[in-house]
Amino acid sequence: MTRGQHRDGNDRTATGSASTDRHLPAPRRPGGLGGSGGPTVGLVTAIPEEFVAMRVLLEGSTQSYVANDPAPYVLGTLPGRDEGDWHDVALTLLGATATNAAAAGCANLIRSFPTITIVIMVGIAAGVPNPQRPHRHVRLGDIVVATQIVDFDHVRAVDGGVEPRRLLSLPSPRLTHCADMLRTDELSGHRPWERWLDLRRCPELIQYHRPPEHTDVLRDGAGLPLQHPRRNYSGHRRGSPKVHYGPIGSSDRLLRDAAVRDELAVRHGVIAFEMEGSGIGSSSFLNGRDWFVVRGISDYGDSYRSEPWRRHAALVAAAYVRALLAKCLPVDPGHIVRPVVSDSLQ
């Protein structure tokens, strides 16, 4: 596949004002993979379904191995904001799920490719349905973009109660800005990620097609079916994902209980749950890199799970990441800033 193929072309519109960009790291216009000195964007996946979906959406991907690093890597490119702009990326698959594996994988990625400036976790998550508040209702196949990662099991016991022990840094300001521009596009009916859900473009992902709508079954804590709110109330369009922006809960706890899910969601104000974001956020911050998390909704954190929805959720997350980077000018790795960790973070 050549760089002339799969261009995002009209999928990109001009982003924010010069006054906004002035506060962001200086962009660069690379001459191609290797010509810029190495990848500047790290893409992390936790399971094979996520890895395959993201790999197929890369341009010119090649396998890569690094001495003294057991992780497999795929190097490739993704289009940037302007014609001729390309992000050099390194994609990896973690050796296991959960926060420790994510932190270790992120550290290995940065050590093997020190030019990386932003680490993006892309994959699946459990959504929090909310039929009583349709505008916050998360359904299977939706996309959740993390505005914050809540490490809800990392707590301090104080006077008979618990409180968060450490708050994670916020997601990448640059990619948050780009996500805001995608939101403005969506208000005018332009959703560039959806072109990558048309599997005629990617026949190798035929098993990642969207499952029939009747298989999106919502159940209560007793396992009895519940009604989804009407689509015109929840903002869902038939056959397409809705994009949500909000806090995501992250811990080593695998949720398979709807009652526990709902209790944690109310307590922490989150709209989805996953198991790697806090490790990615912590490791990226401690290594002086920005981070970002994009998730596709594969289940409801209850005892029911569907392999077709898992695959499709992996694809919608990868498609959004491609659209997100198409809003972003490539960044010079020379702008990496090492963190200062104060005692207040301990």
Side-chain angles (χ1 to χ4, degrees), residues 42-54 57 91-94 97-99 101-102 105-106 118-130 136-152 168 170-172 175-176 178-179 182-183 191 193-194 196-197 208 210 216 236 240-255 261 264-265 268-281 284 291-302 305-306 308-325:
L43 303 174
V44 181
T45 60
I47 60 175
E49 294 94 328
E50 300 167 348
F51 181 81
V52 170
M54 193 70 252
L57 296 193
L91 169 66
T92 189
L93 174 66
L94 299 177
T97 58
T99 59
C106 181
I118 300 173
V119 179
I120 304 175
M121 185 73 210
V122 52
I124 66 175
V128 178
N130 200 333
R136 287 180 59 88
H137 185 59
V138 179
R139 296 191 61 160
L140 300 186
D142 283 356
I143 300 165
V144 175
V145 179
T147 59
Q148 179 185 358
I149 292 293
V150 180
D151 190 358
F152 60 89
L168 292 179
L170 292 176
S172 163
L175 291 188
T176 297
C178 295
L182 284 179
R183 296 176 79 170
R191 302 173 180 87
W193 54 88
E194 290 188 353
W196 301 106
L197 305 182
Y208 285 68
R210 186 177 178 90
D216 180 5
H236 288 86
S240 300
K242 178 181 177 181
V243 183
H244 307 262
Y245 301 84
I248 293 180
S250 182
S251 81
D252 288 336
R253 191 187 312 194
L254 179 62
L255 281 178
R261 174 204 67 204
L264 288 171
H268 300 287
V270 299
I271 59 175
F273 291 95
E274 48 93 273
M275 299 178 66
E276 290 81 30
S278 63
I280 294 294
S284 296
W291 61 272
F292 209 73
V293 174
V294 177
R295 295 293 191 173
I297 300 304
S298 61
D299 62 87
Y300 290 119
D302 54 19
R305 96 180 211 175
S306 163
W309 279 111
R310 281 166 62 87
R311 290 191 292 268
H312 185 70
L315 175 60
V316 298
Y320 186 91
V321 167
R322 173 155 182 152
L324 179 71
L325 290 175

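Any value given below was found using the heavy atoms of this structure, including those in side chains, with hydrogens, waters and symmetry copies removed.
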So, using side chain to side chain donor-acceptor pair (under 3.5 Å) as the criterion, who are the partners of E276 when residues are at least two apart?
R295
Under the side chain to side chain contact (heavy atoms under 4.5 Å, CB included) test, which residues partner A98, sequence neighbours left out?
D252, M275
For D299, all residues meeting salt bridge (Lys or Arg N to Asp or Glu O under 4.0 Å), sequence neighbours excluded
R256
Kindly indicate whether the side chain of V122, heavy atoms from C-beta on, has any atom under 4.5 Å from the side chain of Y320.
no
When you compare the side chain of D142 with that of H236, does any pair of heavy atoms fall below 4.5 Å?
yes
Partners of H312 by ring pair (Phe, Tyr, Trp, His ring centres under 6.0 Å), sequence neighbours excluded?
none
The side-chain contact (heavy atoms from CB on, under 4.5 Å) partner of E274 among I248, I280, V144 is I248
Taken in chain and number order and not counting sequence neighbours, the residues that satisfy side chain to side chain contact (heavy atoms under 4.5 Å, CB included) with L168 are I149, S278, S282
Under the salt bridge (Lys or Arg N to Asp or Glu O under 4.0 Å) test, residues paired with R136 that sit two or more places apart
none
Set of residues satisfying side chain to side chain contact (heavy atoms under 4.5 Å, CB included) with respect to A319, sequence neighbours excluded
L57, W193, W196, L197
Set of side chain to side chain donor-acceptor pair (under 3.5 Å) partners for R139, sequence neighbours left out
D216
R183: salt bridge (Lys or Arg N to Asp or Glu O under 4.0 Å) partners, not counting sequence neighbours:
none
According to salt bridge (Lys or Arg N to Asp or Glu O under 4.0 Å), who are the partners of R210, at least two apart in sequence or on a separate chain?
E213
Report the residues that fulfil side chain to side chain donor-acceptor pair (under 3.5 Å) with E194, sequence neighbours left out, ordered by chain and then residue number.
R237
With sequence neighbours left out, write down each residue that passes ring pair (Phe, Tyr, Trp, His ring centres under 6.0 Å) with Y300, or none if nothing qualifies.
none
